[in-house]
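Notes follow the structure.
Predicted model only: the values in this text are computed from it and were never measured.
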There are 2 protein chains.
Amino acid sequence: MENAYLDIEKNFEESEEKILELLREKKYFQCRDELLKFNAVDIAELLETVMEEEDMSKAVMLFRTLPKDISVDVFSHLDVDDQVEIINIITDPEIQYIIDELDFDDMIDVLEELPANLVDKILDKAPKSERKLINSFLNYKEDSAGSLMTPYYINLQKNWTAAEALAHIKEVGLESETIYTCYVLDSGRKLIGIVSLRALVIADDNTKVSDLMREEFVLAHVDDDQEELSELFKKYGYLAIPVVDKEGRLVGIVTVDDILDVIEEETTEDMERMGGVIDSENKDYLDLSVMGHVKARFPWLLLLMCSYFITGGIIASFEEALSAVIVLVTYMPMLMGTGGNSGTQASTLVIRGMATGELELSDCLKVAWKEIRVALLIGVALSAINYLRIVYLDGEAPLIALTVCCSMILIVIVAKLIGSLLPMLAKRIGIDPALMSGPMMASITDMISLCTYFAMAGVFLNI
Amino acid sequence: MENAYLDIEKNFEESEEKILELLREKKYFQCRDELLKFNAVDIAELLETVMEEEDMSKAVMLFRTLPKDISVDVFSHLDVDDQVEIINIITDPEIQYIIDELDFDDMIDVLEELPANLVDKILDKAPKSERKLINSFLNYKEDSAGSLMTPYYINLQKNWTAAEALAHIKEVGLESETIYTCYVLDSGRKLIGIVSLRALVIADDNTKVSDLMREEFVLAHVDDDQEELSELFKKYGYLAIPVVDKEGRLVGIVTVDDILDVIEEETTEDMERMGGVIDSENKDYLDLSVMGHVKARFPWLLLLMCSYFITGGIIASFEEALSAVIVLVTYMPMLMGTGGNSGTQASTLVIRGMATGELELSDCLKVAWKEIRVALLIGVALSAINYLRIVYLDGEAPLIALTVCCSMILIVIVAKLIGSLLPMLAKRIGIDPALMSGPMMASITDMISLCTYFAMAGVFLNI
């Protein structure tokens, strides 16, 4: 193969068509040859397309035509659901081969999703020490640093020279998840230094590892949440971060490629919560069943709908006043909508600020002061436009316009304050701030907007 | 320093206090010693706190007390705004030293933000070849792969042995942004292969580079958007991706640590747009001025408010009917709110699905079919609860309840369809789908909800 520039997207879509075509004609081996033009990540994506468009058994048939080593690599890039489905179809020796060849952290991910009896069967065949290691990794909390790490890292002695260290790496490097960051431990397995392969390669052969290693380093604990861990990666830009147990002993490392997935997962969770979708089980939109979608959306919609029972009650108690000045109803949606939008803007900015670590709870006074000034400017500008429209376009009485405009200013200010401070309060009492945005914000500000509006109507219109 | 475990957060906050205290007492050198307990990333964060809590001149004073090499590293981790402020205060030789010592990509980031006359002054002192290189990098579009890359990478010959390659890396490695991925070019500077340091270190000394290099690789073009580039990193998990110009010549590489920042930036932009905040200039919440906040929020709020002029018009045309059955107003906010929330849920899921690459425009029928089923189930369930409440709790006539319940089902279905399809349509015509969520969705569904409600009232109540 010479100078094969991979113009991914174009090639990819053409091949996708071709593969589906060949499959329908049951030309599995031609199909395989087409697949093998791509790397494992792309083959995995193509296989997933086959599972979706055709069926599982065809996908497995195709999977089995792949050279063994490539098949394991492809397997490691499939979605966990698809991995489990494949395992349910293939034979025990095939399963065993895949499990043996997978990177340790990928293997743990697969085992976590398999039924217990299957896991036992697989572990039965593993050597005893390996079995113990696997079991301890299976016990780490989901979404913890422990569940992301691999126990295979390069362990150097501090009195080795750079040349000795490189020779050691040459020998054991294949087994290790990464060789670019190496670790120096004391006799109690405590981490005493970190040395990069870069430092080893660039150094003179006789330089001691102890002279090359950094003795100050960032580390994570097995129970740390994956979100905190990804903050460390973002902040320091490291390729790997060591993970220690309660006794401070090094038990594994987490590499940056796994963190990219974590960041995507955490971002999706945040966005979904901000949009009123709770717990989509980390599944892709199309993979989640109709009932799954209902479960992820109904409870929150129901809760918010019930909050509107209160809003309805507020209106009911003003029914008479409203019948008297029915035109007030005309401006209700605008005030409620603008209140909701103002609140959502503020909550979005504050939630994101807290997620990226820029805003601390102690900043709440600064935030409130900024919001009040922003809200005042925006509220006055929107009101001025509204006054002109109500008096000159709609031809209503100036007192009606005053009622709407004063309400508008107050509503924008209160909505922005609540929108900014509620997420901070939520964080303070241990609730995910992301829940305090969009839909939730709209429900709360709707109530406040109505009360403000009716109060202003009382002041200006005496109703 | 022995075995210095860095329990970051605790140490950090204590030191923060201590440093501010020492600064107030003008003990700059004690302050510096306190700073030097941390690594460059943390020192940068502490300096930024000083700028915020105290003033710029104190921060610069402190910055100048740092050892020269550390000061450059710290400088590279400051926010661009703060970098520019420091440059405005320090002397020309100091500026020159920092610019010379910065990594190439960091230097370009700084130069991009400086006024043109200052850039010219700095470039005057650079050697001619360097000046040409810098100028060409300054010309790459903001947010393009070109603006993120560095021209300093390891360039290997394909007929070298692994040992020769390693010797070369030892010699030139210090200059290169990364040595973990090396590049093999042909005589026309076209990329013909990529070889990892891992492969070189593990291989036998006499293995040829041409036998170790991968000839299929993923690459980016200088004009590619940084968002596409970050998709490639997420998908393939590489540590670096090569960037080529229009003629296919290798001009630079982008490394994964820079991509973590890009992902954060792009996520923030998406979330802000979904929350109705347009263009906060990539600035942190507290760094953005009040007028900046107003500019980022007012236009969208104004546009949405104007959309409520239509909503108001719809209500106005039903004013008489509403006066006749004023109780209908009571249920208006609930229907509008639930419509908005249903739409926001759907749009959030679809926008995120498109952002992660799971959903394609061609999936729109599948999405619509899923949404209809989800909406039907949710709509019926919410309606049933409402019927009971309206008839038995509120004691209204069954026809009123029927009006509300039928509206509810229709509104949820339509809102979910619009919520899911509008972002796809937006993408199709080249508008950012993130704009079609939250606030925008609420405004659109409010109109639809009202029309549906009044239509149902016409059917059931003959008004």
Point to revise | chain A contact via B:Ser437 - side chain, backbone, both or neither, heavy atoms under 4.5 Å | key: neither

Point to revise | Contacting region of A:Val256 [heavy-atom separation from chain B under 4.5 Å] | key: side chain

Exercise for review: Pick one of side chain, backbone, both or neither for A:Thr311, based on which atoms fall under 4.5 Å of a heavy atom in chain B.
Suggested key: side chain

Exercise for review: Let me know if A:Leu359 has heavy atoms under 4.5 Å from chain B in its side chain, its backbone, both or neither.
Suggested key: side chain

Revision key, fill the gap. Turns out that what part of B:Met332 lies under 4.5 Å from chain A's heavy atoms comes down to side chain

Review point. Should the pair B:Glu371-A:Arg297 be classified as a salt bridge under the 4.0 Å nitrogen-to-oxygen rule?
Key: yes

Revision key, fill the gap. On a heavy-atom basis, the closest approach of B:Gly312 and A:Thr330 is O-CG2, 3.0 Å

Check your understanding: Quick check: does any side chain N or O of B:Tyr236 sit under 3.5 Å from a backbone N or O of A:Val41, one acting as donor and the other as acceptor?
Key -> no

Check your understanding: Can you say whether B:Val412 sits under 4.5 Å from chain A via the side chain, the backbone, both, or neither, judging by heavy atoms?
Key -> neither

**Study point:** Proximity breakdown for B:Met336 and chain A, heavy-atom pairs closer than 4.5 Å
**Key:** side chain

**Study point:** Residues in side-chain contact (heavy atoms from CB on, under 4.5 Å) contact with A:Arg373, at least two apart in sequence or another chain
**Key:** A:Trp369, A:Lys370, B:Val290

Study note, to complete from the structure: Under 4.5 Å to a heavy atom of chain A? For B:Ala355 that would be neither

Point to revise | B:Glu52, part contacting chain A, at a heavy-atom distance under 4.5 Å | key: side chain

Practice item. Tell me, for A:Ser347 versus chain B, whether the close heavy atoms (under 4.5 Å) come from the side chain, the backbone, both or neither. Key: neither

Point to revise | B:Ser443 versus chain A, the contacting section by heavy-atom distance below 4.5 Å | key: side chain

**Study point:** Lys/Arg-Asp/Glu bridge criterion (N-O < 4.0 Å) met for A:Lys235, B:Glu45
**Key:** yes

**Study point:** B:Val172 versus chain A, the contacting section by heavy-atom distance below 4.5 Å
**Key:** neither

Revision key, fill the gap. Taken in chain and number order and not counting sequence neighbours, the residues that satisfy side-chain contact (heavy atoms from CB on, under 4.5 Å) with A:Ala381 are B:Phe298

Exercise for review: Kindly indicate whether a cation-pi arrangement holds for A:Arg389 with B:Phe309, taking the cut-offs as under 6.0 Å to the six-membered ring centre and within 45° of the axis.
Suggested key: yes

**Study point:** Interchain contact, B:Leu377 with chain A, by part (heavy-atom threshold 4.5 Å)
**Key:** side chain

Review point. Can a salt bridge be assigned to the pair A:Lys170 and B:Asp204 using a cut-off of 4.0 Å between side-chain N and carboxylate O?
Key: no

Check your understanding: Tell me, side chain or backbone of B:Glu358 under 4.5 Å from chain A's heavy atoms, or both, or neither?
Key -> side chain

Revision key, fill the gap. The interface call for B:Ile385 against chain A, heavy-atom contacts under 4.5 Å, is side chain

Exercise for review: State, with a plain yes or no, whether a side-chain heavy atom of B:Lys234 is found less than 4.5 Å away from one of A:Asp261.
Suggested key: no

Review point. Of the backbone (N, CA, C, O) and the side chain (C-beta and beyond), which part of B:Leu197 lies under 4.5 Å from a heavy atom of chain A, both, or neither?
Key: both

